[in-house]
Asks: 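One structure follows; several queries about it will come next.
Letters A, B, ... mirror the listed sequences (proteins, then strands); counts begin at 1.
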Protein chains: 2
Amino acid sequence: MTDDQNSKPHHHGDLRSALIQAGIALLSEGGKDSLTLRKCAARAGVSHAAPAHHFDGISGLRGAIAQEGFRLFRLSMLNASGTENQSELDHLKAICSGYLNFAIDNPALFDLIFSSAPMEGLESNLKSGTAFSYDVLRKACAPFVQPGQDPMIIETQVWSLIHGYTHLYMASRFGPVDLSHQARGPFDQVVSLLDALVVSNATKA
Amino acid sequence: MTDDQNSKPHHHGDLRSALIQAGIALLSEGGKDSLTLRKCAARAGVSHAAPAHHFDGISGLRGAIAQEGFRLFRLSMLNASGTENQSELDHLKAICSGYLNFAIDNPALFDLIFSSAPMEGLESNLKSGTAFSYDVLRKACAPFVQPGQDPMIIETQVWSLIHGYTHLYMASRFGPVDLSHQARGPFDQVVSLLDALVVSNATKA
DNA sequence: AGAGCAACTTGACACTGTCAAGTCAGCTGA
DNA sequence: TCAGCTGACTTGACAGTGTCAAGTTGCTCT
């Protein structure tokens with residue numbers, strides 16, 4: 001009797017990360033309403049109540065998925081940072097492009113990451129998770145910070161600008177602009193505001 | 001027999017708007033997860049299936065609430081536009097302040113309005129609803145548009161900037177900045193970027 | 001070997017959105 | 001006047017959801 005096929009252990013091995021991966025897949029396939037404890041459990045091959053032993057309810061699962069989402073988000077920005085032989089401004093613009101690209105490629109995950117809904121167990125990690133990804137943007141902003149200037153000013157300006165465009169873009173609020181990688185005209189114009197920002201900031205020193 | 005007290009008519013009168021108001025109240029009281037077809041119905045004093053005759057499911061109700069939300073959002077911006085004897089730039093900044101204030105005062109409604117979730121029956125009205133509110137921002141941007149320049153460029157830049165700050169602020173992503181009307185330091189610094197925008201744009205003409 | 005324990009299952013509950021069928025009030029048209 | 005129709009609403013049901021309580025299983029440690 002080859003009990004090998006029935007050797008599925010009572011202990012899943014790494015159910016926690018399996019549930020997170022299932023959740024990301026569900027988000028990617030069916031949007032944010034498809035993320036369900038029971039569906040994640042089913043996809044991981046466990047009973048509907050199994051996730052409760054690894055997360056504090058649906059809120060906890062969302063928090064854990066957000067944390068993994070931050071990691072992917074950061075990778076997307078780093079991946080977009082381009083060649084070494086580019087100006088510091090082009091580097092910053094490339095990272096902004098990665099910001100938008102991640103949202104376009106992972107709409108529901110982007111939505112979850114920047115959701116204002118509280119995520120159990122991530123309240124403390126939320127800031128660190130955000131800061132972890134934010135770190136990429138921060139480093140790219142650093143060259144433009146004048147001596148004695150609070151870096152947070154430029155960082156907040158840049159972050160607000162790129163995040164606002166991305167979020168409005170994802171909500172299809174820019175009229176007839178359709179969601180494709182092609183329609184980068186308006187995006188480039190928004191990013192070009194960074195030129196003015198840098199110039200204005202330099203003369204202010 | 002005073003059947004006056006039992007004279008509740010089978011026809012509610014204006015159930016549709018009663019449901020919308022109930023929904024806004026629920027959002028305001030309990031956050032976005034409190035918005036429920038059945039709770040709206042109960043609050044309006046009708047049976048749980050009554051809303052189906054006025055909206056296309058929960059998605060339709062959300063769309064209708066969003067439309068009313070746009071109206072309130074517009075009013076908030078207009079209300080913040082301040083006195084007449086102010087510069088055009090201060091006028092624009094005041095409207096941006098109204099943008100943020102609305103989000104702070106109506107977190108769940110702001111979230112719903114700019115949700116990327118499709119809202120049945122509002123796909124066609126969504127752009128017009130957005131445009132209706134957007135109109136306030138557009139008019140305030142108009143003075144800074146150079147002759148022959150596409151107004152959309154400045155509008156998109158300003159909108160992205162203020163929306164990005166507002167959205168990140170609502171998601172508590174700015175580290176230790178707490179959600180109060182007091183903490184306007186970072187906001188003012190973001191808004192001050194509009195100075196650079198206007199200057200840069202003027203010299204570009 | 002036996003105890004303890006963590007991982008997981010099973011079953012139940014309240015709540016949700018949605019559908020089908022029924023009820024009721026007021027209007028239309030002869 | 002009154003039969004019938006239509007739209008507004010109710011009632012009841014169903015599947016799916018999150019969450020809890022209680023049970024079962026299998027590993028580990030002594």
Asks: Report the distance from atom CD1 of A/Ile58 to atom C1' of C/dA14, rounded to the nearest whole Å.
Replies: 17 Å
Asks: Using a heavy-atom cut-off of under 4.0 Å over every strand shown, decide if B/His54 touches base, sugar-phosphate, or nothing.
Replies: sugar-phosphate
Asks: Starting from C1' on C/dC8, measure out to CG on A/Leu19 and report it in whole angstrom.
Replies: 12 Å
Asks: Using a distance-only criterion (donor-acceptor N/O pair, under 3.5 Å, no hydrogens), is the base of D/dG12 paired with the side chain of B/His48?
Replies: yes
Asks: What I want to find out is whether A/Glu29 reaches A/Lys39 closely enough, with some N-O distance under 4.0 Å, to be called a salt bridge.
Replies: no
Asks: Side chains of A/Asn201 and A/Gln149: donor-acceptor distance under 3.5 Å anywhere?
Replies: yes
Asks: Side chain of B/Ala49 only, heavy atoms from C-beta on: which candidate in C/dA20, C/dC8, D/dC9 is closest?
Replies: C/dA20
Asks: Whole angstroms only, please: what is the CG-P distance between A/Asp33 and C/dT16?
Replies: 16 Å
Asks: Using whole Å, report how far CG of B/Asp56 lies from P of C/dT18.
Replies: 8 Å
Asks: So, under a plain 3.5 Å distance rule, would you say the side chain of A/Arg38 forms a donor-acceptor pair with the base of D/dG18?
Replies: yes
Asks: Test A/Phe102 against every option in A/Phe73, A/Phe114, A/Phe70 by the ring pair (Phe, Tyr, Trp, His ring centres under 6.0 Å) rule and name the one that passes.
Replies: A/Phe73
Asks: Contact class for B/Thr36 vs. all strands (heavy atom < 4.0 Å): base, sugar-phosphate, or nothing?
Replies: sugar-phosphate
Asks: Between atom CG in B/Leu37 and atom P in D/dC9, what is the gap in whole Å?
Replies: 14 Å
Asks: In whole angstroms, how far is the P atom of C/dG17 from the CZ atom of B/Arg62?
Replies: 11 Å
Asks: Minimum heavy-atom separation for B/Leu27 to B/Ala108, with atom names?
Replies: O-CB, 3.6 Å
Asks: Rounded to the Å, how far apart are A/Arg16 CZ and C/dA6 P?
Replies: 17 Å
Asks: Nearest-Å distance, NE2 (A/His53) to C1' (D/dT24)?
Replies: 12 Å
